[in-house]
Asker: 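I'd like to ask you about the structure that follows.
One-based numbering along the sequence shown. Every number for a ligand or one of its atoms is a count from 1 in the order of the listing.
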Amino acid sequence: MKNDKYKGFATKAIHSGEEPNLKDGGTGDVVVPIHISSTFARKEIEVPTAGYEYSRSLNPTRKALEEKLAVLENAKYGLAFASGLAAESIIILSLLKSGDHLIAFDDLYGGTKRLFNKVFSDFGITVTYVNATNPNNIITAIKKETKLIWLETPTNPLLKICDIKAISEIAKKNELYLVVDNTFLSPYFQNPLDLGADLVVHSSTKYIGGHSDVIGGSIMLSDSTIYEKLQFNQNAIGAIPSPFDCFLTMRGIKTLEIRMKKHAENAIVLARALEKHPKIKKVIYPGLESHPQFVLSKKQCRGFGGIITFLIDGDINNVKKFMAKLKVFALAESLGGVESLIEHPALMTHASLVQTEREKLGITDNLIRVSVGIEDVSDLWNDLQQALD
Ligand code: P1T
């Protein structure tokens with residue numbers, strides 16, 4: 001699937017997978033059509049037409065999206081799924097079996113922890129959570145049953161950063177798979193495969209789709225043996241996106257670069273302004289010099305993204321009052337869309353974690369997560385400021 005024809009990120013995002021077909025009866029569409037057919041007729045029993053048999057196995061619109069996804073992460077292969085969690089499930093089901101152990105960053109999307117702790121645990125897969133900001137914690141957690149390391153960087157919701165390159169060396173030395181969830185930065189700001197990861201996973205629901213109108217997941221990788229396993233399970237298990245979902249995701253990807261630039265441009269302005277506000281106790285944003293992994297972040301990534309987490313100086317009642325006053329930010333789960341969202345991790349995205357675990361990590365009642373959209377930053381700051389005041 002690799003396409004070296006386009007050099008720049010925006011050019012790749014716009015053209016990969018969607019080149020107009022001007023031969024073999026092609027119609028020259030500049031946008032890949034939404035192929036809604038669930039099945040494909042053939043002339044001869046043993047010869048699927050143009051490689052298509054049945055849309056769960058492969059569909060022309062999904063194929064175009066998968067090609068685009070691969071190119072964004074400098075990968076050979078891309079695979080699209082019905083959600084980020086479906087993509088994560090396929091990785092675990094394809095690479096691990098009962099009795100295997102994985103090491104994961106202690107701060108992950110609540111739904112990922114729920115998947116590991118409440119679903120795969122019933123199939124004999126065990127997890128050790130470690131603070132991966134220190135790679136030595138990973139080395140200490142390795143057992144003979146360990147098969148895989150699972151990272152998010154930056155993490156959800158505390159925006160901790162880990163050193164992908166250093167951890168990939170540990171993975172290689174110990175023959176472990178390294179999976180990086182790259183949802184928070186998107187391929188525009190970070191490419192984990194280039195830093196030694198084996199697989200990248202995204203909730204394409206977020207920046208990749210970018211418009212809060214489609215749920216999707218993706219996996220990008222370059223190892224053909226792993227790809228074959230994943231592709232087999234994509235078909236065997238069937239958690240695929242619809243052709244319309246694939247179209248929406250591709251439409252979103254075309255503006256990924258300009259959206260990411262604006263998300264990050266707005267986020268640093270808000271992070272700096274929040275840092276100065278007397279009602280804010282602490283601001284966490286990887287682009288602030290006060291972030292503990294600011295230097296690593298600058299080295300590892302090409303930008304700091306659009307998510308800010310902060311602690312207000314108050315309790316849950318102050319949080320509720322503040323959120324109720326907002327007029328531009330919508331109080332909603334999810335992130336990465338063009339519109340700004342605000343949420344309360346302890347009661348929303350990370351409510352599936354037990355309270356003691358949340359508190360140990362720092363997901364306290366006064367912690368708020370913001371997904372900075374691409375609106376005018378003055379409207380965003382005025383909204384936050386009037387609600388804080
Ligand atoms: O929602 P879904 O497309 O299934 O993706 C799950 C997922 C995976 N990885 C990360 C880092 C995520 O943030 C998510 C989903 N997160 C939210 C819905 C949220 O509000 O944090």
Side-chain angles (χ1 to χ4, degrees), residues 65 69 73 79-92 104-120 129 132 150-162 164 179-187 189-190 192 197 199-220 237 239-242 245-246 248-249 252-253 263 284 286 301 305-309 323 329-337 339-353 358 361 363 367-373:
L65 168 62
L69 290 169
E73 285 285 11
L79 289 156
F81 296 89
S83 69
L85 286 177
E88 294 183 15
S89 301
I90 294 288
I91 293 176
I92 301 296
F105 211 149
D106 55 8
D107 188 43
L108 295 177
Y109 168 55
T112 302
K113 280 195 168 173
R114 181 179 56 201
L115 181 69
F116 292 165
N117 298 346
K118 304 223 165 110
V119 179
F120 286 115
Y129 294 100
W150 189 285
L151 306 173
E152 274 177 22
T153 181
T155 59
N156 182 0
L158 296 167
L159 307 175
K160 293 191 206 171
I161 313 267
C162 64
I164 300 173
V179 180
V180 178
D181 183 331
N182 199 26
T183 299
F184 267 40
L185 283 182
S186 92
F189 283 138
Q190 178 171 267
L199 292 93
V200 169
V201 63
H202 283 272
S203 168
S204 338
T205 315
K206 312 298 184 314
Y207 290 109
I208 286 185
H211 296 74
S212 306
D213 53 11
V214 60
I215 298 279
S218 44
I219 303 173
M220 294 81 150
I237 294 167
I240 45 131
S242 74
D245 291 347
C246 294
L248 284 174
T249 308
I253 289 172
H263 284 296
I284 309 170
C301 323
I307 309 296
I308 305 171
T309 302
M323 288 195 172
F329 284 81
L331 173 58
E333 300 202 9
S334 203
L335 56 105
E339 62 287 297
S340 292
L341 303 178
I342 193 157
E343 71 109 11
H344 188 258
L347 295 179
M348 295 168 71
T349 50
H350 293 69
S352 59
L353 307 185
R358 278 200 309 264
L361 283 168
I363 304 174
L367 184 88
I368 292 170
R369 188 189 77 189
V370 161
S371 171
V372 181

Asker: Looking at Phe120, Tyr109, Phe116, which hits ring-ring contact (aromatic ring centres under 6.0 Å, His included) with Trp150?
Answerer: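 The ring-ring contact (aromatic ring centres under 6.0 Å, His included) with Trp150 is passed solely by Phe116 among Phe120, Tyr109, Phe116.
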Asker: Closer than 4.0 angstrom: is that true for some heavy atom of Glu88 and an atom of ligand 1?
Answerer: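 Checking ligand 1 against Glu88, which is what was asked, there is a heavy-atom contact under 4.0 Å.
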Asker: If we only consider heavy atoms of Pro345, is any one of them less than 4.0 Å away from an atom in ligand 1?
Answerer: no
Asker: With heavy atoms only and a cut-off of under 4.0 Å, state how Glu152 meets ligand 1: side chain, backbone, both or neither.
Answerer: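 Only the side chain of Glu152 comes within reach of ligand 1.
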Asker: Give yes if a backbone or side-chain nitrogen or oxygen of Thr112 is under 3.5 Å from a nitrogen or oxygen of ligand 1, and no if not.
Answerer: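 It does not: no N or O of Thr112 is found under 3.5 Å from an N or O of ligand 1.
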Asker: Return yes or no for this condition: an N or O of Glu333 is under 3.5 Å from an N or O of ligand 1.
Answerer: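 It does not: no N or O of Glu333 is found under 3.5 Å from an N or O of ligand 1.
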Asker: Could you list which atoms of ligand 1 come closer than 4.0 Å to a heavy atom of Thr183?
Answerer: 9 (N), 10 (C), 11 (C)
Asker: With respect to atom 3 (O) of ligand 1, which of Thr349, Thr155, Thr205, Thr153 exhibits the smallest heavy-atom separation?
Answerer: Thr205
Asker: Using a 4.0 Å cut-off to any heavy atom of Lys206, which atoms of ligand 1 qualify?
Answerer: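 In order of number, 1 (O), 5 (O), 14 (C), 15 (C), 16 (N), 17 (C), 18 (C).
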Asker: Relative to the heavy atoms of Gly216, which atoms of ligand 1 are at a distance of less than 4.0 Å?
Answerer: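 Checking each atom against Gly216, I get 3 (O).
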Asker: How does Leu85 reach ligand 1, by side chain, by backbone, by both or by neither, if only non-hydrogen atoms under 4.0 Å count?
Answerer: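 Both backbone and side chain.
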Asker: For atom 13 (O) of ligand 1, find the nearest protein heavy atom and state the residue, atom name and distance (0.1 Å precision).
Answerer: Asn156 ND2, 3.0 Å
Asker: Which bit of Leu108 gets closer than 4.0 Å to ligand 1, counting heavy atoms only: side chain, backbone, both or neither?
Answerer: neither
Asker: Any atoms of ligand 1 less than 4.0 Å from a non-hydrogen atom of Asp181? List them with their elements.
Answerer: 8 (C), 9 (N), 10 (C), 11 (C)
Asker: Provide the number and element of each atom of ligand 1 under 4.0 Å from a heavy atom of Gly84.
Answerer: 2 (P), 3 (O), 4 (O), 5 (O)
Asker: For atom 7 (C) of ligand 1, which protein heavy atom lies nearest, and how many Å away is it?
Answerer: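 Looking at atom 7 (C) of ligand 1, the protein heavy atom closest to it is Tyr109 CD2, 3.4 Å.
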Asker: Please assess Leu158 against Ile363 for the test side chain to side chain contact (heavy atoms under 4.5 Å, CB included), listing each intermediate value before the final yes or no.
Answerer: CA-CA 8 Å; Leu158 296 167; Ile363 304 174; 4.2 Å; yes
Asker: Is the closest heavy atom of His202 to ligand 1 under 4.0 Å?
Answerer: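 Flag not set, His202 not near ligand 1.
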Asker: How close do Gly110 and Ser352 get, counting heavy atoms only, and between which atoms?
Answerer: O-OG, 3.4 Å
Asker: Contact between ligand 1 and Arg369 is defined here as a heavy atom of the residue under 4.0 Å from a ligand atom; is it met?
Answerer: yes
Asker: Does some non-hydrogen atom of Gly111 fall short of 4.0 Å from ligand 1?
Answerer: no
Asker: Of all the atoms in ligand 1, which lie at a distance below 4.0 Å from a heavy atom belonging to Ser83?
Answerer: 3 (O), 4 (O)
Asker: Check whether any N or O atom of Ser203, backbone or side chain, sits under 3.5 Å from an N or O atom of ligand 1, and answer yes or no.
Answerer: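 Checking ligand 1 against Ser203, an N or O pair does fall under 3.5 Å apart.
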